[in-house]
Amino acid sequence: MSCGLYTDKEEVVLWMNTVGPYHNRQETYKYFSLPFCVGTKKTISHYHETLGEALQGVELEFSGLDIKFKDEVMQTTYCEIELDKAKRDAFVYAIKNHYWYQMYIDDLPIWGIVGEADENGEDHYLWTYKKLEIGFNGNRIVDVNLTSEGKVKLVPNTRIAMSYSVKWKKSDVKFEDRFDKYLDPSFFQHRIHWFSIFNSFMMVIFLVGLVSMILMRTLRKDYARYSKEEEMDDMDRDLGDEYGWKQVHGDVFRPSSHPMIFSSLIGSGCQIFSVSFIVIVVAMVEDLYTERGSMLSTAIFVYAATSPVNGYFGGSLYAKQGGRRWIKQMFIGAFLIPAMVCGTAFFINFIAMYYHASRAIPFGTMVAVCCICLFVILPLNLVGTILGRNLSGQPNFPCRVNAVPRPIPEKKCWKWKCIVCLFCRYFIFTSFWAYKIYYVYGFMMLVLVILCIVTVCVTIVCTYFLLNAEDYRWQWTSFLSAASTAVYVYMYSFYYYFFKTKMYGLFQTSFYFGYMAVFSTSLGIMCGAVGYVGTSAFVRKIYTNVKID
C-alpha cells in the first residue's frame with residue numbers, strides 16, 4: 001500500500017511491523033511472535049514488499065483493526081488473549097527487556113511500549129488499550145499519534161481484552177512536511193552546533209591551505225635547485241649532493257606490487273565514492289527517509305548502475321601497469337565489495353535465523369541479490385573494463401621507467417610510513433567525526449567533500465616525504481595511508497558500543513560489529529582510492545615539470 005488520497009470511509013490499514021528490545025534496535029522480531037491477538041477484520045488491500053524492506057527485515061502484518069478514513073471509533077474490544085503460563089512468561093520476558101513495537105499507518109511509523117513493571121520488579125503489566133489520534137489535511141493523512149492505556153496485571157489463566165479507539169482531527173500540517181516531526185528539530189535551534197560546524201570547516205580550510213602553501217614553497221625550492229644542477233657541468237654535479245624526489249624519476253612510475261589486487265581496490269573505491277555521492281545527492285533532492293527501505297533500495301540500484309566506473313578505473317590502471325590477466329582482474333573488481341557484504345550478511349543471517357528474528361533475509365531475497373550481481377553488475381563491469389583498457393589503458397608516463405630498479409635507502413622508509421598513518425588518522429577524522437552524529441544530507445555531502453579534500457592533501461604531503469626519502473613505492477603507501485582511516489573507525493566503534501550504548505546479546509553484538517566492519521572497510525577502500533587518484537595526479541604533475549635527461 002502506498003500513501004495517497006483517501007475518500008470518506010475508505011479503508012485505512014494499520015500494519016504491525018516488528019517488536020524487540022529498546023536498547024537493541026536491530027534485534028527485531030515479528031509483532032505476532034509475542035502472543036498478541038489479531039482483530040476481527042480479515043480482508044485487506046494487498047501489500048507488496050520491496051527489496052530494501054526485505055533486506056532490512058520489514059515484515060508488515062495486518063492488525064485486523066477496522067479503521068476507515070474520518071470514521072471515529074469509540075473504545076472497542078477487538079480480541080481477547082487467553083493468558084496461560086507460557087504466554088504470560090513471554091510477555092514478562094518482553095517487559096523485563098523493555099520491548100517496544102512499531103506499527104505503520106499510511107507509511108507513518110508509530111511506536112509503543114509492550115508493558116511495564118512495578119518499582120520492585122515483581123508485578124508486570126500489559127498495555128491493552130491503543131488510543132489512536134490521526135490528523136488529516138483534506139483527504140490525506142498527515143499525522144498519527146498513539147497513546148497506550150489500560151494497564152492490566154499479568155496473571156496466569158485469565159483473559160485480557162485488547163481494545164482500540166480512533167479519533168480524527170483536522171491538521172494544518174502539509175502532506176509534504178508530515179515527516180518533519182520525526183527529524184531532530186533541536187539541531188537547528190542551538191547556536192553551538194552552527195559554531196562548531198563553522199569552526200571545524202574553517203579549521204579544515206586552514207589546514208588544507210597551510211599544507212598547500214608549504215608544499216608549493218618546498219616544490220619551488222626543489223625546482224630552483226634542479227634548474228641549477230642542469231646548468232652545472234658533469235664534474236660539479238658529481239661532486240654535489242644529489243638527493244630528493246628527482247633521483248627516483250626512473251622508478252616512480254614502475255608498476256606496483258600485486259597490480260591485480262591494487263587495481264581492483266582502486267576501481268572498487270572509485271565506485272564506492274560514486275555511489276556515496278549520487279545517493280547523497282538523490283537523498284537531498286528526494287526525501288528517501290519517508291519510504292520504508294528506499295535508502296537501501298536506492299543504494300543497491302546506484303551500486304549496480306555504477307559498475308562501469310569500477311571496471312573503467314580498475315581495468316585502465318591494470319592495463320597501464322602491464323597486466324595481462326584482465327578477465328581475472330575484472331572478476332575480482334566486480335565481486336570484491338559484493339562478496340564482502342554478502343559474506344558478512346550470510347554469517348549474520350545464520351544468527352538471525354537461530355533467534356527467529358525478522359532480520360533474517362529470506363531465501364528469495366538472497367537469490368534476487370545474487371541475480372543482480374551476476375546479470376547486472378558483472379556485465380556492466382565488463383563494459384567498463386573494456387572501455388577503460390581501450391580508452392586510457394596505454395601507459396603515458398612523463399618519465400621512462402628504468403630496466404633495473406634503483407636500490408631503496410633503508411634509513412628513512414619506516415619513519416615516513418609511520419608519519420603517513422598518523423597524519424591521515426588525525427586530520428581525516430577530525431573533520432569526519434565532527435558531523436557524523438547529524439542525520440542531515442546537506443552536512444553529509446559537506447563531510448564527504450571535506451573528507452576527500454583532506455585525504456588528497458595529506459596523502460600528497462606524505463607521498464612527497466616518501467619520494468624525498470628516495471622510496472618510489474608510493475602507490476600502496478598512498479592507498480594504505482588513506483585507508484588506515486578504517487582502523488580508526490573500527491576502534492571508535494568499540495568505544496561507542498561499550499560506553500555510549502546499552503546494547504547486549506549475541507545477535508546485536510554480531511550485527512553491530514559485523515556491519516561496522518563492512519562500513520569501515522568500505523570507507524577505507526574509498527578513502528584509499530581517493531588518496532591514490534589525487535596523489536597520482538600530483539606525482540605526474542611534478543615529474544612533468546622537471547627536465548629529465
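Start at 1 with the first residue, then count along the sequence.
- Between F350 and F346, the gap from one ring centroid to the other is short of 6.0 Å.
- When each of V144, V142, N145, I134 is checked for a side-chain contact (heavy atoms from CB on, under 4.5 Å) with L108, only V144 meets the rule.
- Both tests hold for R25 against Y22: distance to the six-membered ring centre under 6.0 Å, angle to the ring axis within 45°.
- A parallel orientation is assigned to the rings of Y496 and Y492, their planes being inclined by less than 30° (bins at 30° and 60°).
- Aromatic pair F32/F36: ring centres not closer than 6.0 Å.
- Note that the OG1 atom of T7 and the CZ atom of F69 stand 8.5 Å from one another [nearest 0.5 Å].
- T501 is not listed as a side-chain neighbour of H23, based on a closest heavy-atom distance of 4.5 Å or more.
- In terms of heavy atoms, I361 sits closest to M366 at O-CE, 3.5 Å.
- Residues T459 and T535 have side chains that bring a donor and an acceptor to within less than 3.5 angstrom of each other.
- When only modelled atom types and interatomic distance are considered, Y31 and S63 share no side-chain donor-acceptor pair under 3.5 Å.
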Under 3.5 Å, side-chain donor or acceptor atoms of residues 377-390 against the rest of the protein: list the pairs with distances, not counting sequence neighbours.
{"unit_1": "T385", "atom_1": "OG1", "unit_2": "N381", "atom_2": "O", "d": "2.8"}
{"unit_1": "N390", "atom_1": "ND2", "unit_2": "I386", "atom_2": "O", "d": "3.1"}

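- A donor atom on one side chain and an acceptor atom on the other are not found under 3.5 Å apart for S478 and T463.
- Contact between P21 and Y504 at its shortest, heavy atoms only, is CB-OH, 3.5 Å.
- Qualifying ring-ring contact (aromatic ring centres under 6.0 Å, His included) partners for Y532, counting only residues two or more places apart in sequence or in other chains: F262, W474.
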